[in-house]
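Numbers here simply count residues along the sequence, with the first being 1.
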Amino acid sequence: MGKHTAHGYLVDDVYKAAEEFTRIFGNEPSRIDETFAGFPMERANGKVEFFLWQWKHLEDNLGKDIMDKVKYRDQQAIRYETVKELEEEYQRLKAKGVTFISEPKDYEWNARCVYFIDETGHMWELFCWTGAVPLGDLESEKADEENIEDEI
């Protein structure tokens with residue numbers, strides 16, 4: 001079973017939305033570029049990330065026709081530890097009648113992902129990391145820099 005690890009909004013301007021989120025809540029993004037911003041947050045039973053993802057980036061990667069089916073500009077993300085776990089869950093959900101809007105695929109952001117839209121129009125992502133760290137994860141980069149400094 002995967003872990004619900006992220007919730008976010010699908011926005012037109014990531015930098016503008018991130019500035020507003022930071023102004024209101026005081027949280028700085030751990031990673032940001034024109035397509036994605038991630039804000040790690042704590043909850044009672046672990047960590048969750050709030051994210052802002054550029055709508056156009058999803059259109060470019062999934063297709064405009066697919067994104068036209070998304071009713072609400074939000075998304076839930078469930079992470080799996082391995083590609084095998086992700087593929088098994090994809091097959092299990094398909095057998096239960098979930099209609100996916102994509103097939104499992106490796107993407108440029110170091111993840112294998114598959115997407116569906118629930119009956120109310122909300123978009124869901126099932127994913128697992130395929131690279132060493134999430135692409136653009138500033139916290140991981142900081143940790144790597146600190147480890148290098150400790151070794152020197």
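In this structure Asp106 satisfies the side chain to side chain contact (heavy atoms under 4.5 Å, CB included) test together with Arg112, Thr130, sequence neighbours excluded.
Shown here for Pro104 and Val114, the closest heavy-atom pair between the two residues is N-CG2, 3.7 Å. Of all heavy-atom pairs between Ala77 and His4, the closest is O-CD2, 3.5 Å. Nearest approach of Glu81 to Cys128, heavy atoms of both residues: C-CB, 4.5 Å. Shown here for Thr99 and Phe116, the closest heavy-atom pair between the two residues is O-CB, 3.4 Å. Between Leu86 and Cys113, the shortest heavy-atom contact is CD2-N, 4.4 Å. Contact record, Ala18 with Ile32: CB-CD1, 3.6 Å, taken as the closest heavy-atom pair.
With respect to Glu88 and Lys84, a salt bridge is recorded, a charged nitrogen being found less than 4.0 Å from a carboxylate O. Using a 4.0 Å cut-off between charged side-chain N and carboxylate O, Lys94 and Glu89 make no salt bridge. In this structure, Lys16 does not pair ionically with Glu19, as no charged nitrogen and carboxylate oxygen lie closer than 4.0 Å. Using a cut-off of 4.0 Å between Lys/Arg side-chain N and Asp/Glu carboxylate O, Arg73 and Asp12 are scored as salt-bridged.
Under the 4.5 Å side-chain heavy-atom criterion for Ile, Leu, Val, Met, Phe, Trp and Tyr, Leu10 and Tyr107 are members of the same hydrophobic cluster.
Between the CG atom in Asp118 and the NZ atom in Lys71 there is a gap of 10.0 Å [rounded to 0.5 Å]. Atom CD of Glu108 and atom CG of Asn61 lie 5.0 Å apart (nearest 0.5 Å). For the atom pair CD (Glu85) and CZ (Arg79), the distance works out to 9.5 Å, reported to the nearest 0.5 Å. The NZ atom of Lys69 sits 6.5 Å away from atom CG of Asp65, with the distance rounded to the nearest 0.5 Å. Expressed to the nearest 0.5 Å, how far NZ of Lys56 lies from OG1 of Thr35 amounts to 11.0 Å. The CE atom of Met67 lies 7.5 Å from the CD1 atom of Ile117; values are rounded to the nearest 0.5 Å.
Aromatic ring pairs are classed by plane angle as parallel below 30°, tilted from 30° to 60° and perpendicular above 60°; the pair Phe25 and Phe21 is tilted. Ring geometry, Phe36 versus Trp53: the interplanar angle exceeds 60°, so the pair is classed perpendicular (tilted spans 30 to 60°).
Aromatic pair Phe100/Tyr90: centroids less than 6.0 angstrom apart. Ring to ring, Tyr9 and Phe50 are close: their centroids are under 6.0 angstrom apart. The ring of Trp129 has its center no closer than 6.0 angstrom to the ring center of Trp109.
Using a distance-only test at 3.5 Å, with no hydrogens or angles considered, a donor-acceptor pair links the side chain of Ser102 to the main chain of Tyr115. No donor-acceptor distance shorter than 3.5 angstrom exists from the side chain of His57 to the backbone of Glu59, with no hydrogens or angles considered. The backbone N or O of Val48 lies less than 3.5 Å from no partner atom in the side chain of Thr5, so there is not a single donor-acceptor pair.
When side chains are defined from C-beta on, Val70 counts as touching Trp55, because their heavy atoms get closer than 4.5 Å. Annotation: side chain of Leu62 is in contact with side chain of Met123 (closest heavy-atom distance under 4.5 Å). Tyr80 has its side chain out of reach of Lys3: every pair of non-hydrogen atoms, C-beta onward, lies at least 4.5 Å apart.
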Steps toward side chain to side chain contact (heavy atoms under 4.5 Å, CB included) verdict (Glu49, Arg31): CA-CA 11 Å; Glu49 180 176 54; Arg31 54 185 165 143; 2.9 Å; yes
Give the intermediate values and the outcome of side chain to side chain contact (heavy atoms under 4.5 Å, CB included) for residues Ile78 and Trp124. CA-CA 8 Å; Ile78 298 177; Trp124 290 76; 3.8 Å; yes
Would His122 and Asp74 count as a side chain to side chain donor-acceptor pair (under 3.5 Å) here? Give the steps. CA-CA 7 Å; His122 295 277; Asp74 69 344; 2.8 Å; yes
